[in-house]
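The structure appears right after this line, and notes come after that.
Every chain is numbered from 1 and lettered A, B, ... according to where its sequence line falls, protein lines coming before strand lines.
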Protein chains: 2
Amino acid sequence: MAVPTPTAAATESQPARLPVGGAATAAGRVLAVLSAFGPTHPSLTLSEISRRSGLTLTTTHRLVGELRQWGGLERGPDGRYAIGLRLLELGALAPHGLQLRELALPYLDDLHQATRANVHLAVRDGADGVYVEALRARGAVQVLSRLGGRWPLHATGTGQVLLAFADREVQDELLQARLKRFTPDTITDVGELRRVLAEVRRTGVAIADNQLTPDALAIAVPVRGRRDEVVAALGVTVQRGTVPSHALAPALAATARGISRALGSPSATPEAGGAIRASRTGGAMTPRSR
Amino acid sequence: MAVPTPTAAATESQPARLPVGGAATAAGRVLAVLSAFGPTHPSLTLSEISRRSGLTLTTTHRLVGELRQWGGLERGPDGRYAIGLRLLELGALAPHGLQLRELALPYLDDLHQATRANVHLAVRDGADGVYVEALRARGAVQVLSRLGGRWPLHATGTGQVLLAFADREVQDELLQARLKRFTPDTITDVGELRRVLAEVRRTGVAIADNQLTPDALAIAVPVRGRRDEVVAALGVTVQRGTVPSHALAPALAATARGISRALGSPSATPEAGGAIRASRTGGAMTPRSR
DNA sequence: ACGGGCCTTCCCCCCGGTGGAAGCCGGGCG
DNA sequence: CGCCCGGCTTCCACCGGGGGGAAGGCCCGT
């Protein structure tokens, strides 16, 4: 807890940062080995793991051996190590992760089919948003959206939604850190970000224009859970200029509402709930049973 | 204490009560904690983890603490622990896992849309098949198909494909173990399984009728990689009797071929490739444009 | 043949991990 | 109200597993 956040170093993308910092404990060493892997380094040799984790070759060798035996790592025909299926299996159990995804997938699918856009479902983890699902549009290969992908909250549509509805405490902490720039238009000014977040709260929609990826336009809305708290953000990303930003909002809102209802959100359930926000996007979508 | 280990018999000798998984090593203990979680136990209290892993409460407490700090576990508002997003993130890096999935998803999606059936993509891990993707049909909630799900090879369509094309060594080993029965029709006789596998190799299609789930019919075909080796199996599952089994095969084959081509399989690539196995499943399938 | 990566094995010393025990909280019950 | 009980947290002294230096094997490219 006292530690800044578990995600402190996680926002990096390219460079090979070493978590050398605190592998003093035995368990920490195991985790250091695992941490050596990442989106930019999905497969490593033993010595690479050793270097990246800051552990002795010998230690690395033994730990990797144990992990392999367990199924957490596997060794390809080329001798390189990679993440094993056992970890995929475990990861699938994450409650805010693939559990949520499981339930939401049909809805996301509809949205994807209807809009032909990149569709994301993201949850917050520390100062980052993690994609719990990412459906890519056929043509435009926007490589940044992978399942399991992790991006700073301020620079994505889904992230802005998650941040806007996060606890005050979380917001304040993030607003003190330096906001990393990805494009010329990325919001890096704290004041501006505050204004944007207020707007997101007011309208219930985030519009991130050219924030993370050049020439991309992202639109996102909140997804709510049992106690009407925001548990995830649903977003689509399209090429700038191809679609007027407000054209996608209704479909997004309808889909988010569907998911929220499936999650048991009061405000999305007609009968019970506060009857708020009646049905701006009535009909249109096939009513989902269950 | 006095964990009720099944090894009771030898009374007076050394206690020899090692942690359940045989995790005498420190790393092993970390993994034992993780192993306590599973599809049937996605969230646990501290003491539950302790009991299920066979570790002391103290040790469990500390390890869980470290894992939590790292992001591998998270603690819900109810105080129970669950798998954290960090593990989802890692699991997504599995090369035979979500990497493969990423590439295949569009194809699977098409197949799903076209057939409205449960669609699975599975890879082999030991004697099990692991679902790398599972798209559920709208109506029939067949709960057994979850992403990350793990099932014995002999009892699923995709499993039979994976087994049929696995190394001889792998086959032999599995054919010696007892084959678990799931339904009255599950193949549990080794001889019969051999015949089935031979047939799968001959035709390139596995048809699993009422094997794992009562009243379910599964059809699966292989997906091939760079060196034409079978890297995964693609399958659909439908309610028995609703569709003639051969009706789905062409669509399946076409989809599998598309994925194989995307993976660089020679036999699925018209121009290049050694013209080996020309096209036993010729024509009939819509070529995918890209 | 030589040098340099990379991987694997061996072994002794030391330090971090372990687990017993005791303290804390909260809730159920008599 | 006081007791007990189950779950969680903290503390501490002992000891056995882990760390890492070092050496050996393999396979490159020079």
Side-chain angles (χ1 to χ4, degrees), chain A residues 1-3 16 18-37 41-70 72-84, chain B residues 1-5 7 13-37 41-70 72-82 84:
Chain A
M1 38 162 283
V3 175
L18 305 180
V20 175
T25 141
R29 284 183 253 264
V30 176
L31 303 183
V33 167
L34 294 180
S35 299
F37 294 86
H41 302 264
S43 90
L44 301 167
T45 75
L46 184 63
S47 352
E48 283 170 345
I49 298 175
S50 166
R51 280 191 293 271
R52 288 177 55 82
S53 63
L55 301 175
T56 303
L57 188 58
T58 311
T59 301
T60 307
H61 180 252
R62 189 175 38 80
L63 291 181
V64 164
E66 292 197 60
L67 279 167
R68 191 154 87 97
Q69 192 169 354
W70 180 69
L73 294 181
E74 59 185 42
R75 193 165 196 188
D78 54 353
R80 299 173 70 84
Y81 290 94
I83 298 295
Chain B
M1 278 283 69
V3 178
T5 56
T7 65
S13 69
Q14 301 299 353
R17 53 182 146 75
L18 298 177
V20 179
T25 141
R29 285 182 251 263
V30 176
L31 303 183
V33 168
L34 294 180
S35 299
F37 294 86
H41 302 264
S43 90
L44 301 167
T45 75
L46 184 63
S47 355
E48 282 169 346
I49 298 175
S50 166
R51 280 191 294 269
R52 288 177 54 82
S53 63
L55 301 175
T56 302
L57 188 59
T58 311
T59 300
T60 307
H61 180 253
R62 190 176 36 81
L63 290 180
V64 163
E66 291 197 60
L67 280 167
R68 190 154 88 96
Q69 192 168 346
W70 180 69
L73 293 181
E74 58 185 44
R75 194 166 195 185
D78 53 356
R80 300 173 69 84
Y81 290 95

Heavy-atom distance under 4.5 Å between the side chains of Leu63(B) and Ile49(B), does that happen here? no

Can you tell me if Thr25(B) touches the phosphate of dG18(D), counting only side-chain N or O atoms and a distance under 4.0 Å to OP1 or OP2? yes

Using a cut-off of 4.0 Å on non-hydrogen atoms, how would the nucleic acid contact of Arg75(A) be classed: base, sugar-phosphate, or nothing? sugar-phosphate

When rounded to whole Å, the CD1 to C1' distance for the pair Ile49(B) and dC8(D) reads 12 Å

Can you identify which nucleotide, out of dG17(C), dT9(D), dC7(C), has its nearest atom closest to the Ala26(A) side chain? dG17(C)

Look at the side chain of Thr59(A) and the base of dG18(D), then say whether one donor and one acceptor between them are separated by less than 3.5 Å. no

Using atom CG of Asp78(B) as one end and atom C1' of dC8(D) as the other, report the distance to the nearest whole Å. 15 Å

Judged by each residue's nearest nucleotide on DNA chain C, which is more toward the 5′ side, Ala27(A) or Glu48(A)? Glu48(A)

Please tell me if Ser47(A) has a side-chain N or O lying less than 4.0 Å from either OP1 or OP2 of dG5(C). no

Tell me: CG of Leu46(A) to P of dC7(C), nearest whole Å? 5 Å

Main-chain N/O of Glu48(B) paired to Thr45(B) side chain as donor or acceptor, under 3.5 Å: yes

Taking OP1 and OP2 of dG20(C), is either one under 4.0 Å from a side-chain nitrogen or oxygen of Thr58(B)? no

Counting just side-chain N and O atoms, does His61(A) come under 4.0 Å of either OP1 or OP2 of dC7(C)? no

Ignoring backbone atoms, test whether Thr56(A) places a side-chain nitrogen or oxygen under 4.0 Å from the OP1 or OP2 oxygen of dG20(D). yes

In the structure I gave you, are the side-chain heavy atoms of Leu31(A) and Leu67(B) within less than 4.5 Å of one another anywhere? yes

Return no unless some side-chain N or O of Arg51(A) is found under 4.0 Å from OP1 or OP2 of dC6(C). yes

